There are 2 protein chains.
Amino acid sequence: MTPVIAVDAMGGDRAPAVVVDGVVQAAGRLDIEIALVGRRADLEAELARHGHARLDRIRLIDAGDVVAMHEAPLAALRRKPHASIRVAAELVRTRAASALFSAGHSGATVLAAHGALGMIAGIDRPALAVIYPTHQGAALLLDAGASLECRPDHLVQFARMGTTYARVAMEIERPRVGLLSIGEEAGKGTGLIRDTHARLAETSLNFIGNLEARDLFTGRADVVVCDGFTGNIALKVGEGLVDAVGRMLADELGAAVTSQIGARLTRHAFERFRQRVDYAEYGAAPLLGLAGLALVGHGRSSARAIENGIAMAAQLAADRMVERVSADFCAA
Amino acid sequence: MTPVIAVDAMGGDRAPAVVVDGVVQAAGRLDIEIALVGRRADLEAELARHGHARLDRIRLIDAGDVVAMHEAPLAALRRKPHASIRVAAELVRTRAASALFSAGHSGATVLAAHGALGMIAGIDRPALAVIYPTHQGAALLLDAGASLECRPDHLVQFARMGTTYARVAMEIERPRVGLLSIGEEAGKGTGLIRDTHARLAETSLNFIGNLEARDLFTGRADVVVCDGFTGNIALKVGEGLVDAVGRMLADELGAAVTSQIGARLTRHAFERFRQRVDYAEYGAAPLLGLAGLALVGHGRSSARAIENGIAMAAQLAADRMVERVSADFCAA
């Protein structure tokens, strides 16, 4: 049976144009169907731009409202029952779709998906699980912003979900789990960190202890656990610094004549490097812990990132990721 | 009267050798005296390496104990009354020195300095105030790790101290204060952030609202306020990424023949860039809020960074920074 991915066409900084571009590319490449959710007139205009390509695989689902990036998500969702993200989440709840993808308001996506799908038994809060590049390959960070304030229980659940995810999606047999803190010693950090450290040490997980933030990119840990506030800040510092590196390096390269030659020669190298680091290019991140598949894309997603995000949603559906996480929690 | 800077000679990854190198350089450059605190025999050996240069300006203060980087600071300080950091802090308390500088265990420095010097009236907790580079110059982040768990009161105090510091030390007339969070909207963030946002909006400070972590390096805010856990993570992500950038860029540059030429040409440019970003090069950061001057250097400090840190301590003493912060709190 061909999997159906529900895509919130109205979400993202350049929606719906870039989303539709990515959807058409994904429909051309993958053996999937796409339920494209948004304002019908807007979407028909965008699809016309593509000469109505791949309409055998793209189905329009009309949803008249949008949660804008500046809106408070809870109030907006209450006020807008026909918001595209709610309609998309409903398609997953009713099993009309296998997974949901949105590059829109991530807070609204978390609330809408949580409301429609509920949680896996034994898991209290969803965690956004972001794969990011390290010097040795890739690592997983969770939570990247779904659950801002956490108790030790929640972080232990994140560690377990992250371990399952890394095993299945990243094919790491026994993922090393690190707890993000301000020093490696067990005593370093807030009360939350110290309590969580003690709890993790008692599990059967491959817990390697606290991980300092400067080791995020060295690949010391495969799964990095933190609350959603800290994780969001950590990833966005990385993003901001990559942008700043580009600009500052350009300044420095312009400073000397010999370096100007270097600037031209290295431009392509820097672009490849940026693609390795910029997680907007990676596609999407799943909201682990929900009793259904929901993936969040970056607001600045390019058409290629949207395409990758949809591909990732299809892969996680094929991997039966929700069932795998659920089984690992029942077994524990 | 020549200011006296008390330097913890035993603190830092390569202490006492690198510290003594930096002290000798600082003593040669600046019109200051240095009280060099540590194990007498070790320090005499190090000074002999320099041909006993600048002994007119360097005075040895014997302190037989050291708090090692892996020790729990509170217990270690209780057990070691003659720890170099305690003896150095005592020199500031008794006014034998104008300021204290240590590149050692920062938790121990915070505790020893807090214990010896106490707080300025009206300020509850110390904040490590780190100046870091942005694309538009420099900005100040506090707290970078002195006070890990904070209430809104504390963050408002940090905003006020940071404003005074930016005005005096960075010569910014009306510093723009940003509250580090996961989104710019007032409602975005934890309960701590939302409450602090409301409190800051009522002050006469130049509060520009929440600052997203990816704007840390754009220069949108002059003073970035956060709890010490978040601030430490944010700065260390930056540090780690700069290291990773160096290694990944070298990989990418090696990938093509034309790029290899670029690699040689841009090596110097990258080194200049790294110096702009790496705050180990900046020297030191003061613990604002204490009723005496104490500066924390980076554990990885080079001799040049130690020299810069001592110069910064002398400058803040000349600026009467503690009195300026104190006066701004009395006036409010």
Side-chain angles (χ1 to χ4, degrees), chain A residues 70 72 107 133-135 145 148-149 180-185 187-193 212-218 226 228-230 232-245 247-249 251-253 255-256 258-259 261-266 268-270 272-273 276-277, chain B residues 70 72 107 133-135 145 148-149 180-185 187-193 212-218 226 228-230 232-245 247-249 251-253 255-256 258-259 261-266 268-270 272-273 276-277:
Chain A
H70 66 272
T134 71
H135 192 56
L148 301 186
E149 296 180 80
L180 188 60
S181 188
I182 61 159
E184 288 180 14
E185 299 80 3
K188 286 216 171 160
T190 58
L192 170 67
I193 297 299
E212 274 202 89
R214 70 175 164 220
D215 274 331
L216 272 179
F217 300 98
T218 59
C226 55
F229 185 81
T230 305
N232 190 281
I233 299 261
L235 288 178
K236 283 194 177 159
V237 169
E239 248 185 271
L241 194 57
V242 168
D243 286 350
V245 164
R247 286 195 304 268
M248 290 188 192
L249 214 49
D251 287 1
E252 293 290 347
L253 289 169
T258 52
S259 295
I261 303 167
R264 283 196 296 275
L265 294 173
T266 57
H268 285 101
F270 183 72
R272 284 200 304 275
F273 160 75
R276 274 177 65 180
V277 179
Chain B
H70 66 272
T134 72
H135 192 57
L148 301 186
E149 297 180 78
L180 188 60
S181 189
I182 60 160
E184 290 181 12
E185 299 80 4
K188 286 217 171 160
T190 58
L192 170 66
I193 297 299
E212 274 202 89
R214 71 173 163 222
D215 274 331
L216 273 180
F217 301 98
T218 60
C226 56
F229 184 80
T230 305
N232 190 280
I233 299 260
L235 287 179
K236 283 194 177 155
V237 169
E239 247 184 272
L241 195 56
V242 168
D243 285 350
V245 163
R247 285 196 303 269
M248 290 188 194
L249 214 50
D251 287 0
E252 292 291 348
L253 287 170
T258 52
S259 295
I261 304 168
R264 283 197 294 277
L265 295 171
T266 56
H268 286 100
F270 183 72
R272 284 199 305 276
F273 159 75
R276 275 177 64 179
V277 179

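Every chain is numbered from 1 and lettered A, B, ... according to where its sequence line falls, protein lines coming before strand lines. A quick note: this is a predicted structure, and the numbers were derived from the prediction, not measured.
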CG of B:D215 to CD of A:E239: how many Å apart, nearest 0.5 Å?
-> 10.5 Å

Smallest separation among heavy atoms of B:F229 and A:L180, with atom names = CZ-O, 3.7 Å

Would you mind telling me which of A:S181, A:G107, A:C226, A:G191 has the largest number of heavy-atom pairs within less than 4.5 Å of chain B?
-> A:S181

Sort A:A72 into side chain, backbone, both or neither according to what part of it lies under 4.5 angstrom from a heavy atom of chain B.
-> neither

Check A:K236 against B:E212 and note the closest heavy-atom contact, atom names and distance.
-> NZ-OE1, 2.5 Å

Non-hydrogen atoms of chain B under 4.5 Å away: do they reach the side chain of A:I193, the backbone, both or neither?
-> side chain

Provide the closest heavy-atom pair for B:G240 versus A:F217 in the form atom of the first, atom of the second, distance.
-> C-CD1, 4.2 Å

Heavy-atom proximity to chain A below 4.5 Å, by part of B:I233 = both

Any idea which of B:E184, B:K188, B:E149 has the most non-hydrogen atom pairs under 4.5 angstrom with chain A?
-> B:E149

Portion of A:I182 that has a non-hydrogen atom of chain B nearer than 4.5 angstrom | both

